[in-house]
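Here is how names work: the chains are called A, B, and so on, in the same order as the sequence lines, proteins then strands, and each is numbered from 1. The figures that follow rest on heavy atoms only: side chains count, while hydrogens, waters and symmetry mates do not. None of these values were measured; they are calculated from a predicted model.
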Amino acid sequence: MDRGELYRIQREIASRTILEDWISLDQIELVAGVDQAFLRGGDDEGEMIISAVVVLEYPSMKPLDSSYAILSVDFPYIPGLLTFREAPSIIKAFSSLDRKPDVLFVDGCGINHPRFAGLATHVGVTLDIPTVGVAKNILCGEGDLPVKEGDASIITYRGREVGYYLKSKKGCKPIIVAPGHKISPESSLKLVKSCIRGYKLPEPTRIAHLLANKIKRDGGS
DNA sequence: GCGACAG
DNA sequence: ATCTTGTCGC
């Protein structure tokens, strides 16, 4: 598959994206987060990708379930094409969950993407579930940087409002929040803000990150 | 052409 | 993302 074919797939995903709330915030009971870690490949084996998913009770943020998947990496990291590298393991890990969440937080872009189809959007459309993208760095788009903790500012790209910068914690660089699928930009921001518990990253993402690294330390298993 | 560039 | 100890700042 050449670059053009992959772009075509992303535009197809973007055309199927729904930016409306599939569930009102006050009806949410379970939220989940997924994050990746990598295992260095041996001399003859390629690297492996670990996707760890954690389901939390909302809004208590109490962990209720988790799962993970490990696959061999078959695609390089290319800005804008991250989905072809990480989506497979995320989908596999999510599918093996016992309890399905109302919304899934994915590390990376949502519609704040060159072709409006970041990892969170791609995963959301593929699994047909609400997703939110939470990134630590911006890929594209522009917006003012919020200065006060709790403040957020809109990020625009090609004339469209694609997400927000959120000053989630004082002393920390703002994180980027964007809708992935089946959720509005406003609700994405409100939901992420309501999942912050004293750290830079919202609990679903933070806990998933910890789990992914734990699995990695234990050599994957 | 040059620089930027999720994880 | 990953390789890595100490260290500066709130």
Side-chain angles (χ1 to χ4, degrees), chain A residues 3 6-7 9-10 13-14 17 33-42 45-53 68-91 93 104-126 131-143 145 147-150 155-158 162-181 185 188 192 198-202 204-206 208-217 219-220:
Chain A
R3 184 75 58 110
L6 300 179
Y7 283 4
I9 291 174
Q10 295 189 313
I13 291 292
T17 303
V34 62
D35 189 44
Q36 285 63 244
F38 294 79
L39 288 174
R40 280 194 51 188
E45 298 164 35
E47 60 181 340
M48 305 286 271
I49 179 172
I50 301 171
S51 279
V53 206
Y68 69 88
I70 301 179
L71 295 177
S72 54
V73 180
D74 58 14
F75 198 89
Y77 167 65
I78 300 175
L81 298 178
L82 182 66
T83 188
F84 299 104
R85 177 182 172 78
E86 309 191 345
S89 60
I90 290 178
I91 292 172
L104 175 66
F105 286 27
V106 179
D107 61 310
C109 299
I111 62 169
N112 54 330
H113 177 278
R115 288 165 295 286
F116 309 99
L119 182 59
T121 298
H122 200 117
V123 169
V125 171
T126 300
T131 58
V132 172
V134 178
K136 296 177 288 301
N137 293 293
I138 194 167
L139 173 61
C140 65
E142 299 185 351
L145 293 178
V147 176
K148 183 181 180 182
E149 180 176 313
I155 292 177
T156 301
Y157 181 65
R158 291 193 187 182
V162 298
Y164 308 84
Y165 267 122
L166 170 62
K167 185 74 174 182
S168 56
K169 179 179 181 179
K170 50 186 174 183
C172 293
K173 185 172 64 174
I175 58 176
I176 295 84
V177 178
H181 182 55
S188 298
V192 168
Y199 295 88
K200 175 181 179 178
L201 298 173
T205 301
R206 193 177 74 82
H209 188 291
L210 292 176
L211 177 58
N213 284 312
K214 172 181 173 52
I215 295 171
K216 177 179 179 178
R217 290 198 306 278

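- Whole-Å rounding puts the A:R40 CZ to C:dT4 P distance at 8 Å.
- Residue A:K173 contributes atom NZ, which lies 11 Å from atom C1' of B:dA6 at whole-angstrom precision.
- Residue A:A135 has its side chain nearest to B:dG7 when only C:dA1, B:dG7, C:dT2 are considered.
- Relative to the side chain of A:K216, the nucleotides B:dA6, C:dC3, B:dG7 differ in distance, and C:dC3 lies closest.
- Looking only at side-chain heavy atoms (C-beta outward), A:Q10 and A:L81 come within less than 4.5 Å of each other.
- In terms of position on DNA chain C, the residue among A:G171 and A:K136 whose nearest nucleotide sits closer to the 5' end is A:K136.
- Comparing C:dT2, B:dA6, B:dG7 by their closest approach to the side chain of A:L139 singles out B:dA6.
- Residue A:H122 is classed as having no contact, given no heavy-atom separation below 4.0 Å to the nucleic acid.
- Atom CD1 of A:I215 and atom C1' of C:dA1 are 16 Å apart (whole Å).
- Counting non-hydrogen atoms under 4.0 angstrom, A:G133 reaches nothing in the nucleic acid.
- Using a 4.0 Å cut-off, no side-chain N or O of A:N112 falls inside it from OP1 or OP2 of B:dA6.
- Atom OH of A:Y165 and atom P of B:dA6 are 11 Å apart (whole Å).
- To the nearest angstrom, P of C:dC10 lies 14 Å from NZ of A:K169.
- Residue contacts for A:L81: at a heavy-atom cut-off of 4.0 Å it reaches a base atom on one of the strands shown.
- When only modelled atom types and interatomic distance are considered, A:T156 and A:E142 share no side-chain donor-acceptor pair under 3.5 Å.
- Per the stacking criterion (ring centres < 5.5 Å, plane angle < 30°), A:F38 does not stack onto the base of C:dA1.
- Within the nucleic acid shown, A:I138 comes within 4.0 Å of sugar-phosphate atoms alone, with no base atom in reach, counting heavy atoms only.
- Phosphate contact (OP1/OP2 of B:dC5, side-chain N/O of A:H113, threshold under 4.0 Å): absent.
- Atoms CD1 (A:I49) and P (C:dT2) sit 10 Å apart, rounded to a whole Å.
- Whole-Å rounding puts the A:L82 CG to C:dA1 C1' distance at 9 Å.
- A:A120 comes within 4.0 angstrom of no nucleic acid atom, judged by non-hydrogen atoms across all strands.
- Contact annotation: the side chain of A:D35 never approaches that of A:T205 to less than 4.5 Å [non-hydrogen atoms, C-beta and beyond].
- Ion pair A:E47/A:K216 not flagged as a salt bridge, since none of the NZ, NE, NH1 or NH2 atoms sits closer than 4.0 Å to an Asp/Glu carboxylate oxygen.
- Distance, A:I50 CD1 to B:dG7 P: 18 Å, rounded to whole Å.
- Of the possible donor and acceptor atoms, one in the side chain of A:H113 sits under 3.5 Å from a partner among the backbone N and O of A:G80.
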